[in-house]
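What follows is a set of notes on a single structure, which appears directly below.
Throughout, residue positions are numbered sequentially from 1 according to the sequence presented. Just so it is clear, the values below take in all heavy atoms, side chains as well, and ignore hydrogens, waters and symmetry mates.
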Amino acid sequence: MPNRPDDQPSDPEPAARKTPGKPEQLPHLVSDQDVEDADDMLFAHPPRVVRRWVCGCGADYPCMDVLFARLVKATAEAGE
């Protein structure tokens, strides 16, 4: 009833009613097929250990300084 002083309906909507002792049921956002596909994807893409080289400066090896030093040395050796 919109004429009430607080402008609220006198009867709450059925979706807003809660049953004591039961959690509120939310609508499904994904289908059962989507969940099955997600399980298949997670099975096909397991985590793996990756090893990488790290320079003394903390960047991935070779860092820009090492690349530049290699370029200088290679240029110097080629000029000899």
Side-chain angles (χ1 to χ4, degrees):
M1 296 174 100
N3 295 335
R4 291 187 52 203
D6 58 359
D7 290 335
Q8 297 295 323
S10 59
D11 188 26
E13 295 180 26
R17 293 182 187 161
K18 293 183 182 178
T19 306
K22 291 186 178 179
E24 187 176 330
Q25 190 74 350
L26 298 175
H28 293 285
L29 298 176
V30 295
S31 69
D32 292 337
Q33 183 64 46
D34 291 336
V35 174
E36 186 177 324
D37 292 344
D39 287 338
D40 292 342
M41 189 64 71
L42 292 173
F43 180 78
H45 294 266
R48 60 187 174 96
V49 177
V50 177
R51 293 170 49 180
R52 65 180 193 174
W53 287 52
V54 179
C55 187
C57 67
D60 287 341
Y61 188 84
C63 69
M64 294 303 288
D65 291 339
V66 171
L67 292 173
F68 181 73
R70 287 181 179 173
L71 177 65
V72 170
K73 289 190 59 87
T75 303
E77 290 172 2
E80 292 178 356

Note to self: Around atom CG of Asp39, are there more than 12 heavy atoms from other residues, nucleotides or ligands closer than 6.0 Å?
What the structure shows: yes
Checklist line | Nearest-0.5 Å distance that lies between atom CE in Met41 and atom CG in Asp34 | finding: 11.5 Å
Item checked: Side chain proximity check, Trp53 to Asp60, heavy atoms < 4.5 angstrom -> no
Check: What distance separates Ser31 OG from Asp37 CG, expressed to the nearest 0.5 Å?
Finding: 7.5 Å
Next item on the list: Report the distance from atom CG of Asp65 to atom SG of Cys57, rounding to the nearest 0.5 Å.
Entry: 6.5 Å
Checklist line | Shortest non-hydrogen separation from Gly58 to Val54 and the atoms involved | finding: O-CG1, 3.6 Å
Note to self: Nearest 0.5 angstrom please: Thr75 OG1 to Arg70 CZ, how far?
What the structure shows: 13.5 Å
